[in-house]
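In what follows, a single structure is set out as structure tokens and then discussed.
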Amino acid sequence: MSASAPSFPDPGLPDGVLAVALAQGAGEVLRGLRAEVDAAGGAFVAGELKDAGDAASQSWLAAALAHARPADAVLSEEAADSAARLTADRVWIIDPLDGTREFAERAGDGARWRDDFAVHVALWDRGVACSDRLAAGAVGLPARDAVLSTVTTDAGPRRAGDTATDTDAVLAGRRPLRLAASRSRPPQFVQDLAARADVELVPMGSAGVKVVSVVDGTADAYVHAGGQYEWDSAAPVAVALAAGLECTRLDGTPLEYNRQDPWLPDLFVSHPAVAAHLRAALTEVGVDIKEGAQP
């Protein structure tokens, strides 16, 4: 590691606090890459910066986990998978850079970097008595200098029911349901929902940013039907569950992680007060959410 790389977290930290420290450290690595671009005059090749971000964050996280939790297995987007994780009792599920496009892109005026990318760090623990077995998680938002986690959130510990009056307004038709959506390529069913008077899209970048937008109240829900990998959702889902949100498959069945095939066909994250309302809207625009409909 370079002399400027963040120090590795203390192995004595509890798992939840460690997840936060890991997300913070990887975020510092990513901010450093952008700072180097700015210091050199601001010119960059997007593809090269994306690759550098993926590689640098993965390298630091892998070394930090080897230092802090050497006995644990790791499932990462940026590393070769190992069958050993399937028999391990503890598996860290990480995405070193969620939203590579957003990381290597400036905002519309070109004067500032986009801030809607994330670092995902989650811990799957076989001993946790729920289907997802997510014991800890953190979603770092490096460009916003924030980390939301199962321990605490920079947005405050939003719990289901904190915005009861606001969600009542959705159910009463006084305001549209705010749905987190892709800024550049929303799928057809999301466009169909947006055509309704009772749904409003809130465009943003990475999957992690979309999920935590429901945690911080920017959006009421996020639905993804095109498939994602476990590292795309494990940490955001852990954070959202800790905040009291509903996180399931589209058909309402529980999410599961550390499976042999890490591909997850769909994801439904919602404030529980509007979940049934949203599922009804999905059915009305032709989305098949029957139990067992997704492989």
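- For the residue pair Ala219 and Ala180, the shortest heavy atom distance occurs at CB-N, 3.8 Å.
- In this structure the side chain of Asp220 never reaches within 4.5 angstrom of the side chain of Val214, judged on heavy atoms.
- To the nearest 0.5 angstrom, Leu134 atom CG is 11.0 Å from Glu256 atom CD.
- Residues Glu200 and Arg175 are not paired through a salt bridge, judged by the lack of any N-O separation under 4.0 Å between the basic side chain and the carboxylate.
- Counting only heavy atoms from C-beta outward, the side chains of Leu30 and Val119 approach each other to under 4.5 Å.
- Side chains of Pro262 and Leu75 form a contact here, defined as non-hydrogen atoms less than 4.5 Å apart.
- Remark: the Asn258 side chain and the Arg85 side chain contain an N/O donor-acceptor pair separated by less than 3.5 Å.
- For the atom pair CG (Asp51) and CD (Glu78), the distance works out to 9.0 Å, reported to the nearest 0.5 Å.
- Not one N or O on the side chain of Arg34 forms a donor-acceptor pair closer than 3.5 Å with the backbone of Trp113.
- Remark: Tyr229 OH is loosely packed, at most 12 non-hydrogen atoms of other residues, nucleotides or ligands lying under 6.0 Å away.
- Contact check on Arg259 versus Asp261 returns no salt bridge, with no Lys/Arg side-chain nitrogen under 4.0 Å from an Asp/Glu carboxylate oxygen.
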- Message: Would Asp198 and His277 count as a side-chain contact (heavy atoms from CB on, under 4.5 Å) here? Give the steps.
- Response: CA-CA 10 Å; Asp198 60 348; His277 175 78; 3.9 Å; yes
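- Judged purely by distance below 3.5 Å, without hydrogens or angles, the side chains of Gln188 and Asp192 pair a donor atom with an acceptor atom.
- Of the residues listed (Asp115, Leu148, Asp116), the one engaging Leu141 in a side chain to side chain contact (heavy atoms under 4.5 Å, CB included) is Leu148, and it is the only one.
- By the 4.0 Å N-to-carboxylate-O rule, Arg133 lies too far from Asp125 to be salt-bridged with it.
- In the model, Tyr257 has a side-chain atom that pairs as donor or acceptor with a side-chain atom of Ser233 under 3.5 Å.
- Under the 3.5 Å distance criterion, with hydrogens and angles disregarded, a donor-acceptor pair is assigned to the side chains of Asp98 and His120.
- Judged by distance alone, with hydrogens and angles left aside, the side-chain atoms of Arg31 form a donor-acceptor pair with the main-chain N or O of Pro142 at under 3.5 Å.
- Note that CH2 of Trp231 and CD1 of Ile94 are 10.5 Å apart. Values are rounded to the nearest 0.5 Å.
- The backbone N or O of Val239 sits nowhere less than 3.5 Å from a side-chain atom of Thr150 that would complete a donor-acceptor pair.
- The shortest side-chain heavy-atom distance between Thr248 and Thr253 does not fall under the 4.5 Å cut-off.
- Using a 4.5 Å cut-off on side-chain heavy atoms (C-beta onward), Val190 and Val223 make no contact.
- Between Arg279 and Asp251 there is no salt bridge, since no side-chain nitrogen of the basic residue lies less than 4.0 Å from a carboxylate oxygen of the acidic one.
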- Query: Can you check side-chain contact (heavy atoms from CB on, under 4.5 Å) on Leu177 and Leu179, steps first, answer last?
  - Reply: CA-CA 6 Å; Leu177 183 147; Leu179 188 67; 4.2 Å; yes
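- For the atom pair NZ (Lys50) and CD (Glu102), the distance works out to 8.5 Å, reported to the nearest 0.5 Å.
- There is a side-chain donor-acceptor pair under 3.5 Å between Trp92 and Asp72.
- Atom CD of Glu246 sits about 10.0 Å away from atom CG of Leu241, to the nearest 0.5 Å.
- When hydrophobic clusters are built by joining Ile, Leu, Val, Met, Phe, Trp and Tyr residues whose side-chain heavy atoms come closer than 4.5 Å, directly or via intermediates, Phe268 is grouped together with Leu171.
- Follow the hydrophobic side-chain contacts under 4.5 Å out from Trp263 and you reach Trp124 in the same cluster.
- Atom-to-atom distance recorded for Asp38:CG and Arg112:CZ is 13.5 Å, nearest 0.5 angstrom.
- With hydrogens and angles ignored, the 3.5 Å screen pairs a side-chain donor or acceptor of Ser131 with a backbone N or O of Leu255.
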